[in-house]
Undergrad: 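Have a look at this one.
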Amino acid sequence: MGDHREMARALLTRRTYAEEAGITLADRPAPLYQLLVLVTLLSTRIRAGVAVAAARELFAAGYRTPQAMEAARWQQRVDALGRGHYRRYDERTATMLGTGARLCLDRWHGDLRRLHREADGDPTALRRLLTEFPGIGPTGADIFLREVQSVWPELRPYADRRAVAGAKRLGLPATPDRLAGLVDDADFGRFASALVRVALGEESVGQLNRSVAAR
């Protein structure tokens, strides 16, 4: 268990995908919407680093709210995605971002806290509502819930199949409850995000093991 805790501490030094995209996550409309944009980009068959870079370009262009995203011209969204090297799916994704922004405004008045309240914090209900946004399927919904648990604490501990796969690669417990015993409650979202990086091969298992052994 001691080695498991040391591994968890090492993983907690990693940034979440939201942080990497420049999102200061909070239970407020703008950052929650920005997370939705990031999740839309991460949901295509493209490297996570490219999706994060594209999100940063969209936000740098001022598209940080559903109002701003919808008001942008389609070509402006395409151009921002291109600056982030998100080129293979740029046209389709630009359309989905505009449609998703309109859905967010029409149904949730631009405030995903309303979605949270409608689902009463239930992960199954949240996943269903999230998959109504264009481009977001079950995997995208998992990404959103994994990241948002830092500000929606009733979701903790939320570890999707990729986080569990990362835990298995490191020889850590393979259930959310047992993983939660390795970190403070407020840190679980960051821990789960780092485990996904292991599952995707963004973090070297061998290097992590060596760094823990050297402590």
Side-chain angles (χ1 to χ4, degrees), residues 14-26 28-115 126-127 129-148 150-151 160 162-163 189-190 192-194 196-197 199-203:
R14 275 54 177 178
R15 291 191 296 174
T16 66
Y17 288 108
E19 288 172 339
E20 198 173 333
I23 302 168
T24 302
L25 201 54
R28 298 196 306 271
L32 292 173
Y33 174 71
Q34 291 158 26
L35 178 61
L36 186 75
V37 169
L38 174 61
V39 167
T40 302
L41 300 177
L42 286 167
S43 294
T44 58
R45 293 179 180 275
I46 203 160
R47 288 188 298 109
V50 173
V52 166
R56 293 183 69 92
E57 289 294 339
L58 286 165
F59 302 150
Y63 313 144
R64 293 179 166 270
T65 65
Q67 293 88 345
M69 185 68 78
E70 191 197 31
R73 296 193 305 276
W74 176 82
Q75 188 61 53
Q76 289 176 311
R77 295 193 293 266
V78 170
D79 290 346
L81 292 168
R83 290 193 295 273
H85 305 288
Y86 195 97
R87 296 196 174 96
R88 185 176 176 187
Y89 303 100
D90 55 351
E91 295 186 355
R92 181 167 65 93
T93 301
T95 298
M96 291 192 301
L97 289 170
T99 304
R102 184 71 259 166
L103 174 62
C104 186
L105 291 166
D106 285 346
R107 184 158 182 189
W108 311 113
H109 303 282
D111 187 350
L112 292 176
R113 293 176 300 182
R114 292 173 178 262
L115 179 149
L126 284 166
R127 290 175 90 251
L129 292 171
L130 287 164
T131 56
E132 294 180 12
F133 283 95
I136 296 181
T139 298
D142 279 338
I143 298 169
F144 188 96
L145 296 179
R146 189 176 68 230
E147 296 269 336
V148 84
S150 64
V151 295
D160 61 312
R162 283 182 174 170
R190 180 181 300 279
S193 181
V196 170
R197 292 184 184 276
L200 296 178
E202 295 176 20
E203 291 283 354

Undergrad: With rounding to the nearest 0.5 angstrom, report the CG to OG1 distance, L97 to T93.
TA: 6.5 Å
Undergrad: Check whether any side-chain N or O of Y86 sits under 3.5 Å from a backbone N or O of L41 as a donor-acceptor pair, and report yes or no.
TA: yes
Undergrad: Can you tell me how far CG of L38 sits from CD1 of I23, rounded to the nearest 0.5 angstrom?
TA: 5.0 Å
Undergrad: At their closest point, which heavy atom of W74 faces which heavy atom of A94, and how far apart are they?
TA: NE1-CB, 3.6 Å
Undergrad: Please determine whether salt bridge (Lys or Arg N to Asp or Glu O under 4.0 Å) holds for the pair R197 and E20, giving the CA-CA distance in whole Å, both sets of side-chain angles, and the decisive distance to 0.1 Å.
TA: CA-CA 13 Å; R197 292 184 184 276; E20 198 173 333; 2.6 Å; yes
Undergrad: I need the minimum non-hydrogen distance between G135 and S43, along with the two atoms involved.
TA: O-CB, 3.3 Å
Undergrad: Please give me the minimum heavy-atom distance between L130 and F144, naming the atom from each residue.
TA: CD1-CD2, 3.7 Å
Undergrad: If you define the side chain from C-beta out and look only at heavy atoms, does anything of Y17 sit under 4.5 Å from V196?
TA: yes
Undergrad: Among Q75, R77, Q76, which residue satisfies the side chain to side chain donor-acceptor pair (under 3.5 Å) criterion with D79?
TA: Q75
Undergrad: Should V148 and L32 count as side-chain neighbours, where that means a heavy-atom distance under 4.5 Å?
TA: yes
Undergrad: If you measure from CG on L35 to CG on L25, what distance do you get to the nearest 0.5 Å?
TA: 5.5 Å
Undergrad: What distance separates Y33 OH from F59 CZ, expressed to the nearest 0.5 Å?
TA: 8.0 Å
Undergrad: Are any of the side-chain heavy atoms of Y89 and L81 separated by less than 4.5 Å?
TA: no
Undergrad: A quick test of your reading: do over 12 heavy atoms of other residues, nucleotides or ligands sit less than 6.0 Å from CZ of R47?
TA: no
Undergrad: Between R113 and D111, is there a salt bridge with N-O shorter than 4.0 Å?
TA: yes
Undergrad: Taking the side chain as every heavy atom from C-beta outward, state whether C104 and L112 have any pair of such atoms under 4.5 Å apart.
TA: yes
Undergrad: Checking side chain to side chain contact (heavy atoms under 4.5 Å, CB included) for the pair T44/R88: CA distance, chi angles, key distance, verdict?
TA: CA-CA 10 Å; T44 58; R88 185 176 176 187; over 6 Å; no
Undergrad: Can a donor-acceptor pair be found, under 3.5 Å and without considering hydrogens, that links the side chain of T95 to the backbone of E91?
TA: yes
Undergrad: I'd like to know if the side chain of R162 and the backbone of L200 have a donor-acceptor N/O pair within less than 3.5 Å.
TA: no
Undergrad: For Q34, does its backbone N or O pair with a side-chain atom of R64 as donor and acceptor, under 3.5 Å?
TA: no
Undergrad: Does a salt bridge link R146 with D142, judged by any charged N lying under 4.0 Å from a carboxylate O?
TA: no
Undergrad: Decide yes or no for R190 and S150: does some side-chain heavy atom of the first lie under 4.5 Å from some side-chain heavy atom of the second?
TA: no
Undergrad: Rounded to the nearest 0.5 Å, what separation is found between the CD atom of E57 and the NE2 atom of H85?
TA: 8.0 Å
Undergrad: Rounded to the nearest 0.5 Å, what's the gap from CG on D160 to OG1 on T139? Could you check?
TA: 8.0 Å
Undergrad: Check L103 against E132 and note the closest heavy-atom contact, atom names and distance.
TA: CD2-O, 3.6 Å
Undergrad: Check whether any side-chain heavy atom of L36 sits under 4.5 Å from a side-chain heavy atom of I136, and report yes or no.
TA: yes
Undergrad: Any idea which heavy atoms bring A80 and L58 closest together, and the distance?
TA: CB-CD2, 3.7 Å
Undergrad: Please name the pair of heavy atoms, one in L105 and one in E70, separated by the smallest distance, quoted to 0.1 Å.
TA: CD1-OE1, 3.6 Å
